[in-house]
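Naming: A, B, ... by sequence-line order, numbering from 1 per chain.
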Number of protein chains: 2
Amino acid sequence: MLPLSEIFAALGDPVRFSIVERLLAEGEVAAGDLVSGSGITAPAISRHLSVLRDAGLVQSRAEAQRRLYSVRPDSLQTIARWTMDHREFWESSVARLDALMALEEKK
Amino acid sequence: MLPLSEIFAALGDPVRFSIVERLLAEGEVAAGDLVSGSGITAPAISRHLSVLRDAGLVQSRAEAQRRLYSVRPDSLQTIARWTMDHREFWESSVARLDALMALEEKK
DNA sequence: CGGTTAATTAACCGATTCGCGAAATAAAGG
DNA sequence: CCTTTATTTCGCGAATCGGTTAATTAACCG
């Protein structure tokens, strides 16, 4: 499968993360619609989209001149699988106790 | 909670990702032990650890001169919660069909 | 064909990142 | 104290990143 750290790197940029969240909320969104309201220019968005595509996070579909982007479900599943692989760790009471102790020490 | 895109950014570096995976596998590991076998120097590892700590992914505990690092369970839980928030998307048969179609089109 | 719209590519630039070696800090232990 | 061990902080170059404007490609439409 796709390398997990590349997926994380793609989501690590706040602009790209918000793009993915918008795609998740709206389904398919054209590149131009992602530009509107993003605060940055079309070329910048286009490059972000290519990073997301290279990481396997999004796919695009052509409709006339527009390119409609959407999230690739299997990429999210890859992340979910990784977290679930360690579920017993972050879900255990011992783990939660460690978390509380860390909060009390604070830094 | 901690900003999700900062967590992803921290995990986006392959060195940091492998550090987290080793901490998950072994529990607590001293900084020096993380250096051995990483291929990079101690200062580099130290900086990676501070990035991971700033992102809320790891915590450290002092024991004599050593600093023992471990994963903060709540940070993994934060990621798991985000994926679960969109579970019905990547788990649905419609979504899986989209994924298959994308693979057939292939770019 | 000529014009318009949509998106990407090219070229450039400032800021950040990631590695290093050297120096500083912290805690033990003779 | 002084040395050893463990880790972090400090500069410093090389490389990457994220943004810009300008140019290019692609598809539709009169």
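Counting 5' to 3', DNA chain D first comes under 4.0 angstrom of a heavy atom of chain A and last does so at the ends given by D:dG18 to D:dC28.
Applying the ring pair (Phe, Tyr, Trp, His ring centres under 6.0 Å) rule to pairs touching residues 40-65 of chain A yields nothing, sequence neighbours excluded. Pairs of residues two or more places apart, or lying in two chains, that qualify as ring pair (Phe, Tyr, Trp, His ring centres under 6.0 Å) and include a residue from residues 59-83 of chain A are A:F8-A:W82, A:W82-A:H86, A:W82-B:F17. Note on residues 37-47 of chain A: no pairs pass side chain to side chain donor-acceptor pair (under 3.5 Å), not counting sequence neighbours. For residues 27-37 of chain A, the set of pairs meeting the side chain to side chain donor-acceptor pair (under 3.5 Å) definition, not counting sequence neighbours, comprises A:E28-A:R61.
For the atom pair CG (A:L52) and CD (A:Q59), the distance works out to 12.5 Å, reported to the nearest 0.5 Å. Expressed to the nearest 0.5 Å, how far CD of A:E91 lies from CD of B:Q77 amounts to 7.5 Å. For the atom pair CD of B:E6 and CG of A:D13, the computed distance is 12.5 Å after rounding to the nearest 0.5 Å.
Legend: residues meeting side-chain hydrogen bond (donor to acceptor under 3.5 Å, both in side chains) with B:Q65, ordered by chain and number and at least two apart, are absent. For B:R22, the side-chain hydrogen bond (donor to acceptor under 3.5 Å, both in side chains) test picks out B:E26, with sequence neighbours left out. Under the side chain to side chain contact (heavy atoms under 4.5 Å, CB included) criterion, A:A80 pairs with B:T83, B:M84, B:W90, not counting sequence neighbours.
Interface residues of residues 11-21 of chain A facing DNA chain C, ordered by number: none; criterion, heavy-atom separation under 4.0 Å.
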* To do: Let me have a per-nucleotide readout for nucleotides 21-30 of chain C, 5' to 3', with B, S or -, counting only protein heavy atoms under 4.0 Å.
  => BB----BS--
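Under the 4.5 Å side-chain contact rule for hydrophobic residues, A:L49 and A:V35 share a cluster. In the hydrophobic clustering of ILVMFWY residues, with side-chain heavy atoms under 4.5 Å counting as a link, A:V51 and A:V15 come out apart.
Rotation axes derived from the C1' atoms of the five outermost pairs at either end of the helix from C:dC1-D:dG30 to C:dG30-D:dC1 lie 10° apart, to the nearest 10°.
No engagement by B:A62 is indicated, since no non-hydrogen atom pair under 4.0 Å with the nucleic acid exists.
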